[in-house]
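Notes to accompany the following structure.
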2 protein chains.
Amino acid sequence: MDDVVETIDAGSGPADRLTNEQVYARIFDAIVDHKLRPGTHLKEDELCEIFRVGRTRIRSILARLSANHVVELVENRGAFVSRPTAEEACEVFRARRMIEGHLIRRVAENPTDTLRAALETHLAHEKAARDIGDQGAVIRRCSKFHLLLAEQAESPIVARFLRELTARSSLIVAVHEARPPDDCELDEHHELTELVLARRADDAVALMERHLRGIESRLDLASQQPPAHDLKAALQVTAGQPRD
Amino acid sequence: MDDVVETIDAGSGPADRLTNEQVYARIFDAIVDHKLRPGTHLKEDELCEIFRVGRTRIRSILARLSANHVVELVENRGAFVSRPTAEEACEVFRARRMIEGHLIRRVAENPTDTLRAALETHLAHEKAARDIGDQGAVIRRCSKFHLLLAEQAESPIVARFLRELTARSSLIVAVHEARPPDDCELDEHHELTELVLARRADDAVALMERHLRGIESRLDLASQQPPAHDLKAALQVTAGQPRD
DNA sequence: GCAAGCTGAATCGTATACAATATTTTCAGA
DNA sequence: TCTGAAAATATTGTATACGATTCAGCTTGC
């Protein structure tokens with residue numbers, strides 16, 4: 001087996017230890033950005049070397065990732081990036097339609113100025129990522145649009161549920177995506193924004209439903225794609241767009 | 001400080017070790033049943049003695065409980081049974097109204113025979129617990145009614161979200177309840193069942209909304225009640241109704 | 001009498017060592 | 001060459017030890 005541990009670098013400075021939160025975020029992002037493919041075995045020792053932390057802390061972080069369903073813990077085997085099944089995929093999108101339908105109605109019925117500002121800033125970021133061609137950033141930003149609505153609805157609990165669902169959606173896309181999104185779909189975040197700001201709640205709800213079904217319809221729930229194995233490369237800091 | 005560890009017994013046999021799952025369930029139930037009051041400090045060493053397990057395992061279990069928001073982890077201080085604030089209480093019930101409204105509509109639009117059987121069995125259990133006067137069992141069963149709908153809707157993910165929300169609701173009631181439920185409210189699970197089985201979806205949704213608002217209206221979100229300290233007593237196996 | 005600081009006990013955070021389990025390799029026999 | 005068992009290796013599960021932090025009670029100075 002070739003050495004998987006070499007691109008780590010653990011941040012920037014040599015001696016500055018990362019917090020658990022930072023390590024968690026690094027792994028989480030790598031998974032959501034498709035740098036760590038579903039099914040990848042996250043070996044504890046390897047992660048220890050990469051982040052220069054003890055196994056105790058890594059285990060606690062992996063447990064948290066597992067609680068959020070982005071990794072699966074298998075007894076005596078270890079942690080693996082989750083490989084959502086077709087049934088899970090349906091469930092995730094069904095839950096999203098319910099939650100996001102409610103959320104977008106809430107914000108559309110009473111759009112605030114901060115909402116407008118947040119959405120416009122976000123759309124600019126989304127466009128920037130797409131122009132640059134940073135695929136990881138694009139994926140992250142698109143999820144972020146949906147999370148933004150949850151945050152603006154001032155529902156932290158629901159926002160947390162949705163954060164899990166969007167992360168799982170990203171895994172679902174990684175495993176089952178059959179074809180890339182077309183230009184029409186890419187524009188739907190703009191349309192949603194306009195409907196929300198125009199207080200056209202019913203239309204916004206309907207478009208959100210179509211938007212989510214559109215993503216789902218691009219999946220081929222029969223096929224799956226194989227995992228990759230290079231932890232170190234996946235967990236490097238991306239030089240592209242900054243995280244939000 | 002008096003000795004808090006003595007009623008443990010750790011199950012039945014002396015030498016049979018409990019699984020993590022069992023320990024988790026024991027603590028979770030004790031919290032939801034109001035045997036461990038909100039704010040109670042769950043000291044690791046104490047739990048170790050009670051369940052005869054190492055601190056490593058206890059810490060992992062406490063982390064899971066924290067992920068489900070029934071305990072709060074405070075750095076260098078330890079784990080405490082969550083003490084929901086008034087804002088959290090509002091959020092929890094708002095989320096419940098959304099989720100449970102959808103769920104009850106789903107089951108009411110297509111009630112199955114297994115649903116009918118499950119609901120009727122459940123109502124009998126609920127009544128039995130109330131007749132016996134086992135307060136812990138009553139609380140657990142009432143939550144279970146709501147979870148039943150989620151399970152019957154075949155939405156495991158949403159069911160898990162709701163499991164967290166009902167557990168938190170139990171804590172909210174423990175902290176903020178101003179007066180006990182009246183007979184009318186106690187009967188609403190029956191009425192909900194009838195509406196669902198009669199396929200009167202709109203009425204069922206409306207009653208569910210009223211039911212949840214009724215629970216919320218019995219709260220006094222200003223006052224709070226002090227925690228208790230007797231871990232060992234709280235974590236004993238209840239001799240009453242069996243768990244489901 | 002009371003606030004500030006100090007000291008010791010209690011408690012938590014992490015690393016490390018060892019045991020248990022899983023995986024891979026080796027090698028004999030057909 | 002293939003198959004199966006057994007040894008060797010790799011990986012995870014848990015306990016324990018030690019350092020760091022917090023808390024309670026006490027002392028000291030005002």
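In what follows, chains are A, B, ... by sequence order, proteins preceding strands, each numbered from 1.
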Not counting sequence neighbours, which residues clear salt bridge (Lys or Arg N to Asp or Glu O under 4.0 Å) with B/Arg168? List them please.
-> B/Glu88, B/Glu164

How close or far is atom P of D/dT14 from atom CZ of B/Phe51, stated in whole angstroms?
-> 16 Å

Rounded to the nearest Å, what distance is computed from the NZ atom of residue B/Lys43 to the P atom of nucleotide D/dC23?
-> 12 Å

A/Leu18 CG - C/dG13 P separation (whole Å) | 19 Å

Can you tell me how far P of C/dC12 sits from CD of B/Glu72, to the nearest Å?
-> 15 Å

Contacts of type ring-ring contact (aromatic ring centres under 6.0 Å, His included), residue A/Phe145, not counting sequence neighbours = A/His122, A/His189

If you check every side-chain atom of B/Arg77, which of D/dC23, D/dT11, C/dT11 has the closest atom?
-> D/dC23

Pairing residues for B/Ser143 by the side-chain hydrogen bond (donor to acceptor under 3.5 Å, both in side chains) criterion, not counting sequence neighbours | none

Spacing between B/Leu62 atom CG and C/dC12 atom C1', to the nearest angstrom = 11 Å

Rounded interatomic separation in angstrom, taking CZ from B/Phe80 and P from C/dT11 | 11 Å

To the nearest 0.5 Å, how far apart are CD in A/Glu44 and CD1 in A/Ile58?
-> 8.0 Å

If you find the nucleotide of DNA chain C closest to B/Val74 and the one closest to A/Asn76, which residue's nucleotide is nearer the 5' end?
-> B/Val74

For B/Glu72, enumerate each residue passing the salt bridge (Lys or Arg N to Asp or Glu O under 4.0 Å) test, keeping only those at least two apart in sequence or located in another chain.
-> none

Atom-pair distance (CG on B/Leu73; P on D/dT21), nearest Å | 18 Å

Is the phosphate of C/dT23, meaning OP1 or OP2, less than 4.0 Å from a side-chain N or O of A/His41?
-> no

Interatomic distance where CG belongs to B/Leu47 and C1' belongs to C/dC12 [whole Å] | 13 Å

Verify whether one side chain among B/Thr56 and A/Arg59 offers a donor that lies under 3.5 Å from an acceptor in the other.
-> no

Any ring pair (Phe, Tyr, Trp, His ring centres under 6.0 Å) pairs touching residues 65-91 of chain A, not counting sequence neighbours?
-> A/His41-A/Phe80

What nitrogen or oxygen pairs link the protein and nucleotides 14-18 of chain C at under 3.5 Å?
{"residue": "C/dA15", "atom": "OP1", "partner": "A/Gly54", "partner atom": "N", "Å": "3.2"}
{"residue": "C/dA15", "atom": "OP2", "partner": "A/Gly54", "partner atom": "N", "Å": "3.1"}
{"residue": "C/dA15", "atom": "N7", "partner": "A/Thr56", "partner atom": "OG1", "Å": "2.7"}

